[in-house]
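Read the numbers this way: they start at 1 and go in the same order the structure lists the ligands and their atoms. Nothing here was measured: the structure is a model prediction, and the numbers come from that model.
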Amino acid sequence: MDPLKYLERELDDLRERGLFRWPRLLESPQEPVARYDGKEVVNLCSNNYLGLANHPTLKEAARRAIDELGVGSGAVRTIAGNMAIHKQVEQELARFKHTEATLLYQSGFTANAGTVAAILGKDDVIISDELNHASIIDGARLSGATKKIYPHKDTTAARHLLEESRGVRHVLLISDGVFSMDGDIAPLPELVALAEEFGAIMMVDDAHASGVLGRAGRGTVDHFNLHGRVHVQVGTLSKAFACQGGYVAGSQVLVDFLIHRARPLLFSTSHPPSVAATALAAVRLVQDQPEIIERLWDNTKFFKRGLMQLGFNTGASETPITPVIVGDERLAMDLSDQLFQAGVFALGIAFPTVPRGKARVRTIVTAGHTREDLQKALDAFNRVGRALKLI
Ligand SMILES: *Cc1c(COP(=O)(O)O)cnc(C)c1O
């Protein structure tokens, strides 16, 4: 008797609901038009917002780092893997974010989970938006703190939770800056004011805002001009900055504490130098060429307007992430499959990634898409949407 047999039952359930699927295979570089499963498609699935994943300047930076520094750091940061190139990225990011200090993590996921788990303990409270990212939820679990969840963007409910947490040792108010499945922006000015009123720690996860929102893509704190008022900012290097990694930006005290206590830094190897060098080149490139971000937003407005004019439900999106919400899981998968046949890759997303009854196809445009690419995608959405009676 195979003790893993029970896994098969769960898979059967997925198959019955039409949700069993292996991810499509990318057979080209990550580009706005890419080859998946042998087919050239307009790619509306990547987080390669600025089209940098295959950029010559970044590739050259990675190659040079390999030549000069090798392919691996050889140890965790806190033992022998703390390389000068890691430090350089942190200094560049601190300048970029206008914070005292930053600290690199292996990913945005470990930055969130590792930081939340390090700064909170079981006597503390975390007050969190219901749509916050899984890495925040996991960090909260690892910390042992009491979780209090408020309905999406409901600052009145957040206030009630802060009120009932008076007297608690440490209270963390935490929100995604841009929500990854809906593309809407957190009410950060209101949240910051609440955190200040109640003496809570304010933390924002800017994975989808990094390189997208604010001047030169500095994130939601810059977008809302809240510099100096958010204690912990998490950013990613894996999306707009096109390589791999995450970071925390904040005070020197925060960073000094995390390097001693954040478990991903203590127990998992640091980035290869090529990854750090790529990140450094990406952050510099975006500051030198902010027009790339303008292109991203021009494309965003064009595509979002197009989808809305066709009559799709795009929810509350305000960013390059535009969901096409259809509700039914199977319908979302059918829409995605038929779009793919028509040469457009837009992923179907269902529970548990989004709430039940809110299944959707999610689109993300990039600065690298041409108007022809986006028009082709809109034409496909029109044809398939009509065939499925969605519009
Ligand atoms: C992608 C994402 C992360 C994780 O970032 P990685 O660098 O890919 O690990 C964290 N938070 C949010 C909101 C995200 O969308």
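- Using a 4.0 Å cut-off to heavy atoms of Ser135, the atoms of ligand 1 that qualify are 10 (C).
- Side-chain atoms of His170 do not come within 3.5 Å of backbone N or O of Leu120 as any donor-acceptor pair.
- For the pair Val178 and ligand 1, the shortest N or O to N or O distance does not fall below 3.5 Å.
- Proximity of Lys97 to Asp206: side-chain heavy atoms (C-beta onward) are separated by under 4.5 Å at one or more points.
- Using a 3.5 Å distance cut-off with no hydrogens or angles, the side chains of Asp379 and Gln375 do pair a donor with an acceptor.
- With a heavy-atom cut-off of 4.0 Å, Thr110 does not touch ligand 1 at all.
- Here is the list of ligand 1 atoms found below 4.0 Å of a heavy atom in Ala207: 2 (C), 3 (C), 10 (C), 11 (N), 12 (C), 13 (C), 14 (C), 15 (O).
- Taking distance alone, with nitrogen or oxygen atoms compared against 3.5 Å, Gly108 approaches ligand 1 more closely than that limit.
- Side chain to side chain, Asp182 and His152 fail the donor-acceptor criterion of an N or O pair below 3.5 Å.
- Under the side chain to side chain contact (heavy atoms under 4.5 Å, CB included) rule, Phe241 has a single partner from Leu58, Val286, Thr236, which is Val286.
- Of the N and O atoms on the side chains of Thr370 and Asp373, at least one donor lies less than 3.5 Å from an acceptor on the other residue.
- Geometrically, ligand 1 and Asp176 share no nitrogen or oxygen pair separated by less than 3.5 Å.
- Atoms of ligand 1 lying under 4.0 Å from any heavy atom of Thr236, numbered from 1 in the order shown and given with element: 5 (O), 6 (P), 7 (O).
- Regarding atom 1 (C) of ligand 1, its nearest protein heavy-atom neighbour is Lys239 NZ, 1.5 Å.
- Of all atoms in ligand 1, numbered sequentially from 1 with element shown, those under 4.0 Å from a heavy atom of Ser238 are 6 (P), 7 (O), 8 (O).
- Note: His369 NE2 to Thr300 OG1 = 10.5 Å, rounded to the nearest 0.5 Å.
- With rounding to the nearest 0.5 Å, the separation of CZ in Phe381 from CG in Leu374 is 11.0 Å.
- The shortest contact between atom 9 (O) of ligand 1 and any protein heavy atom is with Phe109 N, 2.9 Å.
- Considering Gln244, His133, Gln106 only, the shortest heavy-atom separation from atom 12 (C) of ligand 1 involves His133.
- At least one heavy atom of Gly245 sits under 4.0 Å from some atom of ligand 1.
- Proximity to Ser180 (heavy-atom distance under 4.0 Å) selects the following atoms of ligand 1: 15 (O).
- Summary of contacts: the protein heavy atom closest to atom 13 (C) of ligand 1 is Asp205 OD2, 3.1 Å.
- Residue Gly246 places no heavy atom under 4.0 Å from ligand 1.
- Atoms of ligand 1 lying under 4.0 Å from any heavy atom of Asn112, numbered from 1 in the order shown and given with element: 10 (C), 11 (N).
- Proximity of a side-chain donor or acceptor of Trp297 to a complementary backbone N or O of Val212 within less than 3.5 Å is detected.
- The shortest distance between side-chain heavy atoms of Phe267 and Val76 does not fall below 4.5 Å.
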